[in-house]
Amino acid sequence: MPLHPRLCRKALIVSVYGALLTLAAAGQKVVQRVSEPYPASSAHPPPAWFENVATQAGIKVLNVNGGVTSKRYILEATGSGVAILDYDGDGYADIFLVNGASLHPEAGETIPSPTSHLFHNNHDGTFSDVTAKSGLTDTGWGQGACVGDYDNDGRPDLYVTGYRKNRLYHNEGHGHFREVAESAGVAGSGKEWGTGCAFVDYDRDGRLDIAIANYVHFDIKDVPEPGKAPACIWKGVPVMCGPRGLEWAPNTLYRNLGNGKFEDVSVKSGFTKTNGHYCFSVSTIDAEEDGWPDIYMACDSTPAILYRNNHDGTFTDRAADAGVAFNEDGREQAGMGSTIGDYDGDGHLDIFKTNFSDDTATLYHARGDGTFDDVTYPSGLGINTDKLGWGTMFLDIDNDGWPDILSANGHVYPEVDSSHLGSDYREPRLLYHNLGNGKFADITKDSGPGITTPASARGLAIADLWNDGRQEVVINDVSALPMLLVNRAPNSNHWIGLALTGAKSNRSAIGARVTVRGTAAGKEHVWINEVRSGSSYNSSSDLRLHFGLGPAPALLEVEVSWPSGLMEVFPAPPIDHITSLTEGAGKPLPVKATK
């Protein structure tokens with residue numbers, strides 16, 4: 001009688017125990033999991049059956065974004081992000097939910113001034129709200145968040161974008177944060193409405209810098225009422241105004257000076273010289289595979305941006321030349337979220353972008369030379385045009401070795417329901433299963449209530465919250481409670497998790513490129529990804545990398561290209577575990593010449 005997949009994994013753990021001491025000697029530390037909450041059930045066929053366990057897990061904070069039944073201003077409709085970070089270093093990922101505010105409380109509402117919320121992972125499937133004792137109690141209109149250890153003290157810090165002011169929270173240790181944006185020089189001018197962000201070491205000096213997408217210069221007193229200007233009517237119905245007709249704000253780049261302070265290098269770096277405006281998400285990617293991080297931004301109603309890193313502290317927007325500014329018809333799209341991943345296993349990182357309704361999302365396939373092809377329709381992703389996409393991530397829902405795609409959706413206009421405009425204000429998520437042949441299948445309707453239950457969703461982040469090999473999904477919903485999605489469908493596939501620590505590179509190892517070599521199902525396979533902050537829609541996922549390996553994998557080695565330029569190879573880590581890799585502890589490889 002064959003063993004249940006979970007029993008097989010336990011047997012495997014025993015078989016690799018003898019290898020763990022060797023791995024420790026090679027600079028690898030294996031994280032042992034303690035529990036496996038919300039176990040898979042044979043009642044749910046693979047590959048996916050997602051359930052929303054947020055309430056059961058203790059995550060019940062209301063996301064406040066202006067009015068509930070109407071949205072008079074575009075600020076009220078864009079929602080908030082999610083950040084995943086192990087803020088206390090206990091080996092388990094915690095959850096930070098960004099919150100907005102209420103501009104004009106409706107009659108009878110008694111909503112207190114909202115704050116963002118930090119939830120501590122209790123390791124048993126539940127979370128505790130530790131916002132008050134963590135010091136993250138500031139009020140104000142938050143939008144996005146990103147994670148990175150900007151001072152290399154071994155503790156992850158938080159940057160939160162928003163309307164009127166951005167905030168930088170320094171992790172002081174002992175579960176407490178201190179807000180230092182003003183003294184660090186990264187609070188902004190108060191005019192820009194900050195949206196997405198990412199920590200990135202763009203000059204490879206070992207210190208994390210901050211890239212910020214900005215939307216508009218927004219002042220309520222200057223914005224027309226719904227229906228009072230050409231940009232305030234949609235399909236003949238009066239709606240909130242924007243982004244057309246509003247003054248766009250240039251994007252921001254802060255350089256880390258290494259003394260707790262940053263310099264605004266937006267102008268001299270070329271960051272402000274772009275064709276794209278009204279920007280939302282920020283995804284870092286070494287698009288040219290030259291060892292230098294480039295930056296991709298999805299922008300609303302204008303071309304997307306690909307900031308090419310010129311290796312000298314400057315950037316050039318080459319999105320049009322690279323093929324990622326427009327869709328295959330040469331048309332600009334209303335981009336919202338973006339995610340990076342190697343969906344076809346060819347060793348090159350691809351880009352997926354969500355867009356406004358009456359359009360498809362876009363999949364750009366990397367050629368390996370810094371250029372991309374729009375393969376939305378050949379890949380099977382051109383079938384949904386009624387959804388308005390926001391947060392999105394590549395994630396391997398069944399650990400078969402092929403990254404799938406999940407997107408959060410929801411309209412911006414509540415009027416679409418009452419005026420019957422062909423869309424719904426609350427929409428299901430979209431889940432595309434990677435078939436392993438360059439194509440995807442839409443399995444949304446068969447993937448459980450966590451996917452199909454309608455919501456007006458925005459920020460989305462992923463993490464293996466309980467170190468059990470499954471990637472959970474956290475979603476922030478406009479004017480509603482958040483979602484914590486767990487896949488309850490069983491599978492017999494294997495996985496590895498990798499937690500990287502920089503030494504000469506930045507401590508968070510953001511920008512490190514990891515290549516896992518081995519075989520899966522008897523065929524040679526290469527898995528690749530980069531450690532990145534930000535991405536999705538105004539959100540930041542777990543900095544640890546997760547790779548599904550499929551059945552009966554045989555790993556050969558792990559190669560890491562660190563931001564410092566060091567290239568190392570590490571012995572194959574034990575499967576079905578999370579392993580820590582430290583810069584300088586592997587076997588050095590010859591440095592490749594940059595292009």
Side-chain angles (χ1 to χ4, degrees), residues 81 83-87 89 93 96 144-161 168-171 186 196-213 253-258 262 281-287 289-297 307 309 313 315 338-341 349 393-394 461-463 497-515 528-536 538-546 558-568 580-584:
I84 305 293
L85 71 163
D86 180 5
Y87 76 95
F96 179 76
C146 49
V147 176
D149 181 1
Y150 75 89
D151 59 348
N152 293 325
D153 65 357
R155 298 185 293 267
D157 308 301
L158 267 171
Y159 190 76
V160 180
T161 63
L168 175 62
Y169 292 102
H170 179 258
N171 190 334
V186 295
C197 65
F199 283 96
V200 55
D201 183 7
Y202 76 90
D203 53 1
R204 299 195 344 183
D205 64 355
R207 300 186 292 265
L208 288 175
D209 315 297
I210 308 174
I212 304 165
L253 181 64
Y254 291 114
R255 181 173 181 267
N256 191 334
L257 300 178
F262 292 76
S281 66
V282 182
S283 291
T284 60
I285 174 177
D286 183 2
E289 301 178 14
D290 57 6
W292 293 81
D294 310 300
I295 300 170
Y296 183 75
M297 291 192 184
Y307 288 108
N309 193 323
F315 290 86
S338 56
T339 182
I340 310 297
L349 291 172
M393 287 296 292
F394 281 107
I462 61 173
L498 297 176
L500 275 64
T501 301
K504 184 178 179 181
S505 302
N506 68 86
R507 185 71 175 266
S508 299
I510 290 171
R513 190 179 184 94
V514 174
T515 303
I528 189 168
N529 209 341
E530 294 171 349
V531 180
R532 66 178 53 84
S533 169
S535 203
S536 185
N538 301 352
S539 297
S540 195
S541 293
D542 194 352
L543 293 177
R544 300 178 301 181
L545 299 180
H546 178 97
V558 174
E559 182 181 304
V560 181
S561 296
W562 300 92
S564 65
L566 175 65
M567 296 181 63
E568 292 183 295
S580 297
L581 305 180
T582 301
E583 182 179 18

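The two residues Gly206 and Asn152 come nearest to each other via the heavy atoms O-ND2, 3.0 Å. The nearest pair of heavy atoms linking Ser535 to Ser283 is OG-OG, 2.8 Å. What you find for Met567 and Ser561 is that their closest heavy atoms are CE-OG, 3.6 Å. The nearest pair of heavy atoms linking Met297 to Ile212 is CE-O, 3.8 Å. The heavy-atom pair separating Gly584 from Leu566 by the smallest distance is N-CD2, 3.9 Å. Contact record, Pro293 with Asn309: O-ND2, 3.0 Å, taken as the closest heavy-atom pair.
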* To do: Assess whether side-chain contact (heavy atoms from CB on, under 4.5 Å) is satisfied between Leu168 and Tyr150, documenting all intermediate values.
  => CA-CA 10 Å; Leu168 175 62; Tyr150 75 89; 3.9 Å; yes

* **Criterion side-chain contact (heavy atoms from CB on, under 4.5 Å) on Tyr87 and Arg155, from CA distance to verdict** => CA-CA 7 Å; Tyr87 76 95; Arg155 298 185 293 267; over 6 Å; no

* Chi angles and distances behind the side-chain contact (heavy atoms from CB on, under 4.5 Å) call for Phe394, Ile340 -> CA-CA 7 Å; Phe394 281 107; Ile340 310 297; 5.6 Å; no

* Given Phe262 and Ile210, is the side-chain contact (heavy atoms from CB on, under 4.5 Å) satisfied, shown in steps? -> CA-CA 9 Å; Phe262 292 76; Ile210 308 174; 4.0 Å; yes

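Under the side-chain contact (heavy atoms from CB on, under 4.5 Å) criterion, Ser281 pairs with Ala298, Ser338, sequence neighbours left out. Contacts of Ser536 classified as side-chain contact (heavy atoms from CB on, under 4.5 Å), with partners at least two apart in sequence or in another chain: Met393, Leu460, Ser539. By the side-chain hydrogen bond (donor to acceptor under 3.5 Å, both in side chains) test, Arg507 is found to be paired with no residue, residues two or more places apart in sequence or in another chain being considered. Residues passing the side-chain contact (heavy atoms from CB on, under 4.5 Å) test with Asp151, sequence neighbours excluded: Asp149, Asp153, Asp157, His170. Not counting sequence neighbours, the partners of Ala512 by the side-chain contact (heavy atoms from CB on, under 4.5 Å) test are Leu500, Ala509, Val531, Val560, Trp562, Pro563. Listed by chain and number, the residues in a side-chain hydrogen bond (donor to acceptor under 3.5 Å, both in side chains) with Asn529 are Arg532 (sequence neighbours excluded).
Not one N or O on the side chain of Asp294 forms a donor-acceptor pair closer than 3.5 Å with the backbone of Asp286. Tyr159 places a side-chain N or O within donor-acceptor distance of the main-chain N or O of Val186, the cut-off being under 3.5 Å. Side chain of Ser540 to backbone of Ala83: no donor-acceptor contact under 3.5 angstrom is found. At least one donor-acceptor pair closer than 3.5 Å links the side chain of Ser541 to the backbone N or O of Ile462. In this structure a side-chain-to-backbone donor-acceptor pair under 3.5 Å is missing from Asn506 to Leu208. Of the possible polar contacts, none joining the Ser533 side chain to the Gly148 backbone as a donor-acceptor pair under 3.5 Å is found. In this structure, Asp86 contributes its side chain and Ala93 its backbone to no donor-acceptor pair below 3.5 Å. A donor-acceptor distance shorter than 3.5 angstrom exists from the side chain of Asn538 to the backbone of Gly196, with no hydrogens or angles considered. Panel note: side chain Glu583, backbone Gly502; no donor-acceptor pair is recorded below 3.5 Å. The main-chain N or O of Gly511 is never found under 3.5 Å from a side-chain atom of Asp201 such that the two would form a donor-acceptor pair.
No side-chain heavy atom of Ile84 sits less than 4.5 Å from a side-chain heavy atom of Val147. Using a 4.5 Å heavy-atom threshold, the side chains of Leu498 and Arg544 count as separate. No side-chain heavy atom of Asp209 sits less than 4.5 Å from a side-chain heavy atom of Phe199. Residues Leu581 and Thr501 have side chains not in contact (no heavy-atom distance under 4.5 Å, counting atoms from C-beta outward).
A salt bridge does not link Glu559 to Arg513: none of the charged side-chain nitrogens sits closer than 4.0 Å to a carboxylate oxygen.
Atoms CD1 and OH, from Ile295 and Tyr307 in turn, are 8.0 Å apart once rounded to the nearest 0.5 Å. Rounding to the nearest 0.5 Å places CD of Glu530 at 9.5 Å from CG of Leu545. To the nearest 0.5 Å, atoms CG (Leu85) and CG (Leu543) are separated by 8.5 Å.
Between Tyr202 and Phe315, the ring planes are tilted. Angles from 30° to 60° get that label.
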